[in-house]
*Asks:* 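The structure under discussion is supplied below as structure tokens; questions concerning it will follow.
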Amino acid sequence: MRYGHFDDQRREYVIERPDTPLPWINYLGTEAYFGIVSNTAGGYSFYRDARLRRLTRYRYNNAPFDLGGRYLYVRDDATGDFWSPSWQPVRGSLDDYECRHGLSYTRIASARDGIRAETLYFVPLGETLEVWRVRITNERDAAADLSLFSSVEFCLWDAQDDATNFQRNFSTGEVEVADEVIYHKTEYRERRDHFAYFACSEPLAGFDTQREAFLGPYRGWDRPVTVERGAASRSVAHGWAPIGSHHVRLGLAPGESREVVFVLGYAENPRDEKFDPPGSQTINKRRVRPVIERWLRPETVAAGFAALGEHWDRLLGGLRVTTPDVDTDRMVNVWNAYQCMVTFNLSRSASFFESGIGRGMGFRDSNQDLLGFVHMIPERARERILDIAATQKTTGGAYHQYQPLTKRGNNDIGEGFNDDPLWLVLGVSAYVKETGDETILDEPVPFDNEPGSEAPLYEHLLRSLRYTQHRLGPHGLPLIGRADWNDCLNLNCFSDTPGEPFQTTENVSGGVAESVFIAGQFVLAAKELAAIAELRGLTGEATEFRAAAEKMTGVIVEHGWDGAWFRRAYDFSGNPIGSSTDDEGQIFIEPQGMCVLGGVGLGDGMAVRALRSVEQRLATPHGIVLQQPAYSGYRLELGEISSYPPGYKENAGIFCHTNPWIMIAEAMVGNGERAFDYYRRINPSVREAISEVHRCEPYVYAQMIAGRDAPTHGEAKNSWLTGTAAWNLVAITQWILGLRPELTGLRVDPVLPASWPGFRATRVFRGATYEITVRKPAGTTGRVSYLLVDGERVDGTVVPPAGPGAVVRVEAVVES
Ligand code: BGC
Ligand code: NOJ
């Protein structure tokens, strides 16, 4: 069952009814001011940091879901009837309803009783504000006298404190209302130099800023007394809960349309110019007033919205494909790329599942996110890499998280997640392959942000490898530390106390738990670094890294192979995990993917054997589960993984991040049919048809789909902010479609499903535009026989870089 449809032309997902299984959200903002917005206008906004600079209040885990938002109320002043044009929070019946989530904007349109309202929400480029452009149309035969009320509930900035510290916060709230603009200035009198404003383009019939005055005693947002009676009370909040609400009266002739613009924004003043006049407690509005005036004008709004569209044309224009599969096209060309940009901007901070108050950017997450956006914004990928690398320690170890505002490592969580450092090698390698910019390797980068400790980025990569090499266990496999990619495999933590964090509790010592996953990752990273060393003429080092990869491969073959698949790890006591010797958790997906990505077992049949085991034991119609059999109960020696009921999250859920590793591995062994089949099983657009089962948004990936052991098999959770976005884009574009940036050029080496006759693509690579056509007889599964580059035959499958501005025609021909 579907709740909407894709409008591919307009790059929008159109939701056709408001009562989606879960709030289906979108993101506003591309630079510093961000918001989440649901299909019923729920959500909140923040400036840069979702915890510390939260502008508006949202109620997570509310019943019903999704309360707090950018709400409007329309009232028919002749009858007193009122409703929300976004359905929530009034939830009155609507004659029609449509929500269009687009690229950094959302449009919600509905009608009731001949009154149509369409609201466009977006954040203009270069601004720290959001625009709500409302068009109200009277489709009746008679004149209509209407009231329009806006509403937001202000958050008192620190979202964590806002939700907990009521003894203080019920007394700190303050606003100003000046020239019909509502200013929220809680704590402005003391250490905050910032405030929020909420303005309307029309003359006001009234306003409210005190929540209880607007709602009325013991009433909720579904039935504000102000809206019911059709008159605002001009309340000025002092303490309690400051809100912003404008009341506008509109008399509309039959057929008449009116545009009303609301602007909600964030502003800062220099500390010594906070007040006007100086010495008063009144906000100095000299800087912000012109901004407000400009954005209340319809022509500014129209131009700002057009500019946003052009911004997305630029970002998405560099990689476009036309394949026989519409679900592939729309994910690659629009939605998957869009999701990658959202993970770049938001990391794991704010979604319907992430409350915005968990702090920090993940070291491994950020490096992997990079794989999905480096081709769209290489300069910002460069900055991001340098920021991440600067948090690395001299040991090569890495803080697991760093703070986005200070860009410093987070001491609360610390280090010891032993896969972390290796992701830096993979991230940098992806950047250099994409851009050809080797200068980044010479860039001086400090360790732990210590001035004076700078060493070339290349040295950081070297230390990443050394970190693994210096931490090997009894089998010669890398020590796992607190966890590897699987945060829930906590082999050095034996926690029996409720509430203890599994990742940071270290209550035993002398642990020698080892990870086969990190071993595979090491082989991959060592080979990548060898290629980089070679590029720099360091043949000795290149040889050394290759030898290290070879050696680790040998260890994996000897101690990491279980007979029909790669083992997962060895626990604290040296027992294998992910082995047929256990009755649960016999086979895990991660090492099957990562070892093959590192090239382990490609030459001797082990890779193919492992992938067959994945197909036989882990693959379900909804995707590939993380392990089987699921752990039926808590195991002290395994940690958080066994804390989940079977079928969820890391305990045999379909952890979508890992599925593309298997797609890539299948492509590497030449099995395009199966690679693409796996791709489609978790592709959200394919799953749109079963939205009543999948339940999350059909336009973005979710972190997890419940596995076969769960009663809700097929149900997705944790949509939007997940490494799944980057890896799926890599799997489909670089391995299945085979358009793969390499150090020496752009490889064109697709591994396609048999039925495809080929595909076309436009790929911008190092400033040149490649117009690529792949032709293949349908029904065959062969690899590229030869390439024609501007009509000239080229040996192999790598197209050399053509230089900025060039347009290159590439034909890849598969003969049989
Ligand atoms: C989740 C993991 C996540 C970890 C982060 C766990 O509860 O299951 O997916 O990586 O928290 O700390
Ligand atoms: C989510 C975390 O953000 C990521 O770092 C981790 O690899 C996965 N969960 C798996 O545990």
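Counting starts at 1 for both ligands and their atoms, following the listed order.
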*Asks:* Identify, by atom number and element, the atoms of ligand 1 in contact range of Phe655, meaning under 4.0 Å from any of its heavy atoms.
*Replies:* 9 (O)

*Asks:* Quick test of your reading: applying ring pair (Phe, Tyr, Trp, His ring centres under 6.0 Å), list the pairs with at least one residue in residues 391-422, sequence neighbours left out, ordered by first then second residue.
*Replies:*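 Every ring pair (Phe, Tyr, Trp, His ring centres under 6.0 Å) pair that includes a residue of residues 391-422, provided the two are not neighbours, is His400-Phe417.
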
*Asks:* Could you walk me through whether Asn418 and Ser515 pass the side chain to side chain donor-acceptor pair (under 3.5 Å) check?
*Replies:* CA-CA 9 Å; Asn418 283 351; Ser515 164; over 6 Å; no

*Asks:* So is Phe502 in contact with ligand 1, going by heavy-atom distances below 4.0 Å?
*Replies:* no

*Asks:* Between Asp369 and Arg348, is there a side-chain N and carboxylate O pair less than 4.0 Å apart?
*Replies:* yes

*Asks:* Please could you name the atoms of ligand 1 that Gln703 approaches to less than 4.0 Å, counting only its heavy atoms?
*Replies:*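 It comes down to these atoms of ligand 1: 9 (O).
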
*Asks:* Give a yes or no on whether a salt bridge exists between Glu528 and Lys433, defined as a side-chain N under 4.0 angstrom from a carboxylate O.
*Replies:*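 Salt bridge between Glu528 and Lys433, a charged N being under 4.0 Å from a carboxylate O: yes.
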
*Asks:* Not counting sequence neighbours, which residues clear salt bridge (Lys or Arg N to Asp or Glu O under 4.0 Å) with Arg695? List them please.
*Replies:* Glu715

*Asks:* Could you check whether Arg740 makes a cation-pi contact with Trp735, meaning its NZ or CZ is under 6.0 Å from the centre of the six-membered ring and within 45° of the ring axis?
*Replies:*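 Yes, Arg740 and Trp735 form such a contact.
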
*Asks:* For atom 9 (O) of ligand 1, what's the nearest protein heavy atom and its distance?
*Replies:*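 Among all protein heavy atoms, the one nearest atom 9 (O) of ligand 1 is Glu650 OE2, 2.6 Å.
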
*Asks:* Starting from atom 7 (O) of ligand 1, locate the nearest protein heavy atom and write down its residue, its atom name and how far away it is, to 0.1 Å.
*Replies:* Glu640 OE2, 2.6 Å

*Asks:* Going by the atom numbers of ligand 1, which of them fall below 4.0 Å from some non-hydrogen atom of Lys649?
*Replies:* 1 (C), 8 (O), 9 (O)

*Asks:* Between Arg51 and Asp158 (salt bridge meaning N to carboxylate O under 4.0 Å), is one present in this structure?
*Replies:*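 Salt bridge: yes.
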
*Asks:* Would you please name every residue forming a side chain to side chain contact (heavy atoms under 4.5 Å, CB included) with Asp709, sequence neighbours left out?
*Replies:* Gln628, Ala630, Pro646, Ala652

*Asks:* What protein heavy atom lies closest to atom 12 (O) of ligand 1? Include the residue and the distance to one decimal.
*Replies:*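 For this ligand atom, the closest protein heavy atom is Gln503 OE1, 3.9 Å.
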
*Asks:* Would you call Asp582 and Arg635 a salt bridge, using N to O less than 4.0 angstrom?
*Replies:* yes

*Asks:* Ring of Tyr679, cation from Arg681 - is the NZ or CZ under 6.0 Å from the centre and inside 45° of the axis?
*Replies:*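 Verdict for Tyr679: no cation-pi partner in Arg681.
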
*Asks:* Could you name the protein residues that come within less than 4.0 Å of ligand 2, counting only heavy atoms, and order them by chain and residue number?
*Replies:* Arg364, Asp365, Trp485, Asn486, Asp487, Glu650, Phe655, Gln703

*Asks:* List ligand 1 atoms under 4.0 Å from Tyr644, heavy atoms only on the residue side.
*Replies:*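 Those qualifying, in numeric order: 1 (C), 6 (C), 7 (O), 8 (O).
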
*Asks:* When you measure from atom 10 (O) of ligand 1 to every protein heavy atom, which one gives the shortest distance, and what is it?
*Replies:*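 Result for atom 10 (O) of ligand 1: Asp487 OD2, 2.6 Å.
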
